[in-house]
Every structure is written in C-alpha cells, then in structure tokens.
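Data first, discussion second: the structure below is written as structure tokens.
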Amino acid sequence: MTGAGVAAMALTVLTAACATMPLRVPEGPSRPLAASEAVTIFVRASAVCSGVRTLTAEVGLSGRVGSRKLRGRVLAGLERSGSVRLEAPAPFGAPVFIFAARASRSVLWFPRDNRVLRDAAVADVLEALTGLRRRSDDLLALLTGCLVSDPQAEATEARRFDSGWMAMPLSGGVEAFMRSRRQQWRIVGGRGPGGGGDPATPSWTVAYDEFAAGFPGRVRLSQASTTDVTFRVSQLEANVAIDPAAFALTVPADA
C-alpha cells in the first residue's frame, strides 16, 4: 500500500467542510523588549502546554487539503518521545482507520478494507491523513498550544506591539504571537518557514482560540495555499497514564 493510496483512502472517508481563516498577524508600531521581560512572558504563556507529557482527546477536523475537502473526527492519544495513536471511529462497526506508532515503528490499518501500511515514517502518514507534515511530538505541541515541540525562545529579538500583542522568535525560524487577556499571557498564534521545521516545505500559520483550562479548543492551521485545516479539540486530558499497548497495533495476518 503506497503513500498515495493512504491519502486517497483517508480523504475519501473524511468528507466536505468549509475552509478556515488564516492567522492575522499583528501590525503597526512595535518596540523591542528587554530579554528578561520577554523570557518571563513567554514562560508564563507556554507554561500549560510545555508541561504536557501525554494527551488524550477527541479531535474534529474540517477544511481542505489541496483540492480535497476534509471533515471527520479522530480519537487521539499522544505521548512525548514519539508515541501516537489515532483512531477514526465510524457511526457503527469497525473504525475507518487506526494508526499507532512508537518511536520509528508505525502501523496504519484500515479494518473495513483489511489493508495495512507498515513501518512508514510518522510524518509521512500524518501528511497523508491531514496534509500536515508533523512528527508526533510536534502534533502534541500543536494541539496543546505550543506550536512546536521544545520551543526555544530567542528573546533578544522579541517585540511588543502598541495593539497589545507580543512577538517572540523561536528556534528553527518559528515566531510565536502572544496576547494578555485578563492579565494572563497566552500563545494565540504563530508561523514558521516550513511544515515540521523543514524549510523546503511551504510556510505555515497557526491560530488558537476558544481556550478552556489553558488549552485551545480550536486550532486553525494554514500552509501556503495548499492546506487549511481546523482542529476542534474536546474531552482533552493531559498527563494521564496511557497503556503502552495503545501504541502497538496488532493487525490480522491476512491484511
């Protein structure tokens, strides 16, 4: 089963929805911030998402990937250090697909078609399913509000806008945008040079809103003119134990 086959099957079962709006980055006058002040603000803004080691959630997807429209939902389980499980339930019967990976070992199974893809790179499979080339740790960071895994602030280039926004450059050419609401700084968006930190892929933007308990309930990601996807995150639980068996999928021998 080829990567093209994965994309065709996945996008067949995830059907039409409306496009989403890209991030509107701050404009207008700005001033540089002292590095110590910038770091303090960024640490506060990223405190909730940077502390996440495991995540379980229901994630609704809508938007478009290339010329194909996208709509569906997945049950997600992620653990730092490269473990991921995504399951797309059907209205009845067997799931549409199950994807499980630990480190570099991955299995994508379509139970209804009894077809399987083994040992593909996680980033390749996530790109085929969603149009977004991301490692599992980057997907966890994206859904919880940190943009990318292990963000490193480059505080000497931070700046504050008269509109109240703050821009903080991060390692890898990523830029985070923060706002203070009710005296609480939050990362409300960001942009980067390429998907998954790869400068050869189109640039991307992310917008976060509908926060609850410090986590975004809606994540809008746009990548050049090819991808525009909204993730609606619900039933989120962070830092709960996940059975290691969830990341090891057993597939029938005749698949």
Side-chain angles (χ1 to χ4, degrees), residues 20-53 55 57 63 78 80 132-135 137-199 201-224 227-233 236 238-239:
T20 61
M21 294 295 291
L23 172 71
R24 306 182 85 177
V25 299
E27 298 177 345
S30 66
R31 60 179 175 83
L33 284 177
S36 58
E37 180 183 1
V39 168
T40 297
I41 291 174
F42 182 72
V43 168
R44 290 175 179 172
S46 61
V48 173
C49 57
S50 64
V52 176
R53 294 295 176 265
L55 168 73
L78 297 117
R80 280 189 185 262
L132 310 174
R133 187 172 184 81
R134 293 291 190 277
R135 300 170 302 168
D137 284 3
D138 286 323
L139 180 61
L140 185 149
L142 174 70
L143 294 178
T144 55
C146 264
L147 298 174
V148 293
S149 63
D150 193 28
Q152 299 295 315
E154 298 181 353
T156 57
E157 301 297 326
R159 61 193 189 279
R160 181 84 171 262
F161 289 83
D162 290 352
S163 59
W165 288 62
M166 175 181 160
M168 170 71 83
L170 307 177
S171 56
V174 176
E175 188 172 25
F177 297 101
M178 289 160 284
R179 292 186 71 182
S180 179
R181 296 176 178 173
R182 298 178 182 177
Q183 299 183 333
Q184 173 65 54
W185 283 97
R186 284 177 175 163
I187 298 173
V188 294
R191 59 185 174 187
D198 182 357
T201 60
S203 59
W204 53 266
T205 63
V206 172
Y208 293 122
D209 59 11
E210 298 183 6
F211 285 85
F215 295 108
R218 183 167 63 173
V219 181
R220 296 192 301 255
L221 189 147
S222 299
Q223 185 166 293
T227 300
D228 191 2
V229 178
T230 294
F231 301 86
R232 286 195 171 271
V233 185
L236 185 152
N239 297 328

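- For R186, there are no salt bridge (charged side-chain N to carboxylate O under 4.0 Å, His left out) partners two or more places apart in sequence or in a different chain.
- Using a 4.5 Å heavy-atom cutoff, the side chains of L139 and L78 are in contact.
- Checked against side chain to side chain donor-acceptor pair (under 3.5 Å), R159 has the following partners two or more places apart in sequence or in another chain: E175.
- Between P193 and S203, every side-chain heavy-atom pair lies at or beyond the 4.5 Å cut-off.
- In this structure, A47 and S50 approach most closely via the heavy-atom pair O-OG, 3.4 Å.
- For the atom pair F177 CZ and M166 CE, the distance stands at 11.5 Å (nearest 0.5 Å).
- Rounding to the nearest 0.5 Å places CH2 of W185 at 10.0 Å from CZ of R44.
- Residues R134 and L221 form a side-chain contact, since some pair of their non-hydrogen atoms from C-beta on lies under 4.5 Å apart.
- Listed by chain and number, the residues in a salt bridge (charged side-chain N to carboxylate O under 4.0 Å, His left out) with D209 are R218, R220 (sequence neighbours excluded).
- When each of L143, V233, V48, L55 is paired with F215, the side chain to side chain contact (heavy atoms under 4.5 Å, CB included) condition holds for V48 and for no other.
- Taking all atoms of both residues into account, the shortest heavy-atom contact from G51 to N239 is O-ND2, 3.2 Å.
- Note that CD1 of I41 and OG of S180 are 8.5 Å apart. Values are rounded to the nearest 0.5 Å.
- Taking every heavy atom of both residues into account, R135 and S149 meet most closely at NH2-OG, 3.3 Å.
- Contact between A153 and L170 at its shortest, heavy atoms only, is CA-CD2, 3.8 Å.
- Within the 4.5 Å cutoff, the side chain of V148 has no heavy atoms near those of the L142 side chain.
- Expressed to the nearest 0.5 Å, how far CZ of F161 lies from CZ of R31 amounts to 11.5 Å.
- The side chain to side chain donor-acceptor pair (under 3.5 Å) test applied to E154 returns no partner, not counting sequence neighbours.
- Scored by the side chain to side chain donor-acceptor pair (under 3.5 Å) test, E37 finds no partners at all (sequence neighbours excluded).
- Of all heavy-atom pairs spanning C146 and P151, the tightest one is O-CG, 4.3 Å.
- Few gaps surround CZ on R53; more than 12 heavy atoms of other groups in view lie less than 6.0 Å from it.
- Atom CZ of residue R191 and atom CD of residue Q223 lie 15.0 Å apart, to the nearest 0.5 angstrom.
- Side chain of Y208 to main chain of L147: a donor-acceptor pair is present (N/O by atom type, distance under 3.5 Å, no hydrogens or angles).
- Taking 4.5 Å as the limit, every side-chain heavy atom of R160 sits out of range of all side-chain heavy atoms of W165.
- Looking at residues two or more places apart in sequence or on another chain, you find a side chain to side chain donor-acceptor pair (under 3.5 Å) between R232 and E210.
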Would W204 and V174 count as a side-chain contact (heavy atoms from CB on, under 4.5 Å) if you check the C-alpha gap in whole Å, the side-chain angles of each, and the deciding distance to 0.1 Å? CA-CA 10 Å; W204 53 266; V174 176; 4.0 Å; yes
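- Remark: side-chain polar atoms of R80 are paired, donor with acceptor, to backbone N or O of V52 under 3.5 angstrom.
- When atom types are taken as modelled, the side chain of S46 and the backbone of F42 share a donor-acceptor pair closer than 3.5 angstrom.
- Here the OG-CG distance, from S30 to D162, works out to 7.5 Å after rounding to the nearest 0.5 Å.
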